[in-house]
Asker: 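Structure below; questions to follow.
What you see is a predicted model; the values in this text were computed from it and never measured. Ligands are counted one by one from 1 in listed order, and the atoms in each one are counted from 1 as well. This chain uses plain numbering: 1 for the first residue, then up along the sequence.
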Amino acid sequence: MHIRSTRRNFLQQSTFAATGCLLPWSSAAASADTVDGPRSLRTHAQTHGLLSGCAVVAERLADEPTYADTVAQQANLLVAENAMKWRALRPAADKYNFTQADAILAFADAHGQRLRGHNLCWHEALPEWFQSTATRENARRLLTDHIQHVAGHFAGKLHSWDVVNEAIDVKDGRPDGLRKSPWLELVGPDYIEIAFRAARMADSTALLTYNDYGIELDTPEQEQKRARVLELVQRLKLKGVPIHAVGVQSHLTAGDGVPGAGLRDFIREVGALGLQVFITELDVSDHNLAGSTVERDTAVAKLYGDYLGLVLKEPNVTAILTWGITDKYTWLNHEHARRDGQPQRCLPFDAEYKPTPVFFAMRSAYDSHSQTQPSLGS
Ligand code: 9MR
């Protein structure tokens with residue numbers, strides 16, 4: 001008899017289950033009109049077998065109590081927005097600095113949260129010394145040494161690692177879709193499997209993830225990119241490369257269309273390979289939306305709700321992270337600033353830490369999702 005995979009099956013198959021899981025989180029009883037404690041995203045996600053959280057910045061966790069409290073209350077999974085990238089960890093070719101990354105891990109541990117590592121291999125956020133130091137002769141060694149050292153430093157402590165980030169760029173014209181990144185140019189196309197194998201050697205428990213963006217919509221461009229990502233993951237699996245999950249970044253834009261059957265089918269194909277899917281960097285830019293704050297909020301929250309409604313129907317989707325917790329610090333104000341100068345409203349909390357319609361759309365997506373799932377048993 002074919003037994004449909006449930007989210008819990010996926011979690012049990014994963015090393016996540018083997019390495020210890022969510023610590024129970026409790027808080028003083030919250031009143032019905034609050035959004036913390038039993039009414040937080042964290043508790044609603046956990047109740048329905050999901051991990052839910054956000055990207056964080058260590059300095060803010062240390063210096064801004066409202067930021068830290070909101071992250072502690074709302075997330076059971078964190079990821080470092082920048083602190084675990086090469087540029088942050090490698091001030092010099094022969095130096096590692098784990099201060100900020102370790103602070104985030106300590107915060108997560110103190111609050112019973114899991115932590116994702118982001119990322120071990122990317123074409124961006126490389127330190128300045130990289131360009132003058134990396135050559136075809138030493139690049140493979142640079143990559144494996146970095147992974148050995150960094151993944152080794154956190155071994156046994158992380159939920160997952162984005163091992164390779166954004167390796168596909170169809171515009172670069174290669175039949176395999178690989179981006180002409182420094183890693184491709186210096187190491188060759190095998191750099192991806194080299195990175196995954198090195199990560200496995202260094203940490204035998206973190207779920208090893210391939211993470212990419214621009215694979216959510218049913219536009220011809222995104223369909224092509226999604227196909228190349230799927231082929232890459234299939235190739236890796238066929239070669240026995242240790243990979244456990246695909247990260248769908250999910251930087252969406254209100255007004256650009258709503259993800260649909262293409263993404264759903266992709267998630268299923270990834271699931272058929274035995275892999276989980278994490279929604280790793282969810283946010284909705286409203287830079288194309290005119291209208292009042294209420295109209296903008298309604299459109300942004302609707303896209304969140306529609307999107308989570310779609311992806312959460314798939315049992316191998318086990319984790320949802322937004323790229324930040326408060327509009328106060330969103331990267332979108334720098335990269336996709338609104339022409340009218342208004343700040344973006346793209347995350348579950350606004351710049352004053354008040355819950356936005358996005359918060360409620362997320363929470364009800366977590367709740368309604370449980371009603372569509374088969375009974376998970378004990
Ligand atoms: O939000 C991040 C921003 O602060 C950094 O300057 C930038 C470069 O390191 O990276 C941003 O995060 C990116 C993430 O690491 C990968 N996916 C796209 C994210 C937004 O650009």
Asker: Is Arg179 salt-bridged to Asp172, going by a charged N under 4.0 Å from an acidic O?
Answerer: no
Asker: Does ligand 1 have a heavy atom under 4.0 Å from the side chain of Glu335, from its backbone, from both, or from neither?
Answerer: neither
Asker: Using a 4.0 Å heavy-atom threshold (strictly under), name the region of Arg87 that reaches ligand 1: side chain, backbone, both or neither.
Answerer: neither
Asker: Check this for me - ligand 1, Gln249, N or O atoms closer than 3.5 angstrom, yes or no?
Answerer: yes
Asker: Would you please classify the geometry between the His153 ring and the Phe98 ring as parallel, tilted or perpendicular, with 30° and 60° separating the classes?
Answerer: parallel
Asker: Should we count CZ of Arg235 as having more than 12 external heavy atoms under 6.0 Å?
Answerer: yes
Asker: Can you list the atoms of ligand 1 that are under 4.0 Å from a heavy atom of His251?
Answerer: 18 (C), 19 (C)
Asker: Please determine, by modelled atom types, if Arg39 and Thr34 share a side-chain donor-acceptor pair under 3.5 angstrom.
Answerer: no
Asker: Just which atoms of ligand 1 are under 4.0 Å from any heavy atom in Ala125?
Answerer: 9 (O)
Asker: Quick one: nearest non-hydrogen protein atom to atom 18 (C) of ligand 1, plus distance?
Answerer: Glu281 OE1, 3.3 Å
Asker: Say whether His334 and ligand 1 are in contact under the criterion: heavy-atom distance to a ligand atom below 4.0 Å.
Answerer: no
Asker: Please check if any side-chain donor atom of Arg90 sits under 3.5 Å from a side-chain acceptor atom of His146, or the reverse.
Answerer: yes
Asker: Do Arg140's NZ or CZ and the ring of Tyr191 fall within the cation-pi criteria of under 6.0 Å and 45°?
Answerer: no
Asker: Once you measure the plane-to-plane angle for Trp183 and Trp86, does it fall in the parallel (<30°), tilted (30-60°) or perpendicular (>60°) bin?
Answerer: tilted
Asker: What do you reckon, does Lys85 have a nitrogen or oxygen under 3.5 Å from a nitrogen or oxygen of ligand 1?
Answerer: yes
Asker: With a distance cut-off below 6.0 Å to the six-membered ring centre and an angular limit of 45° from the axis, does Lys239 pair with Phe196 as a cation-pi contact?
Answerer: no
Asker: For the pair Lys354 and Asp327, find out whether any cationic side-chain nitrogen is under 4.0 Å from an anionic carboxylate oxygen.
Answerer: no
Asker: Where on Asn165 is there a heavy atom closer than 4.0 Å to ligand 1, on the side chain, on the backbone, on both, or on neither?
Answerer: side chain
Asker: Write out the residue and atom name of the closest protein heavy atom to atom 2 (C) of ligand 1, then the distance separating them to 0.1 Å.
Answerer: Glu81 OE2, 3.4 Å
Asker: Is it the case that the side chains of Ser250 and Glu281 hold a donor-acceptor pair, with the cut-off being a distance below 3.5 Å and no angle test?
Answerer: no
Asker: If I apply the N/O under 3.5 Å rule, does His118 come out as touching ligand 1?
Answerer: yes
Asker: What atoms of ligand 1 come closer than 4.0 angstrom to any heavy atom of Glu166?
Answerer: 16 (C), 17 (N), 18 (C)
Asker: Between Glu124 and ligand 1, does any nitrogen or oxygen pair lie at a separation below 3.5 Å?
Answerer: no
Asker: Counting only nitrogen or oxygen atoms and a 3.5 angstrom limit, does Asn82 reach ligand 1?
Answerer: yes
Asker: Regarding atom 12 (O) of ligand 1: of the candidates Tyr329, Trp86, Trp323, which has the closest heavy atom?
Answerer: Trp323
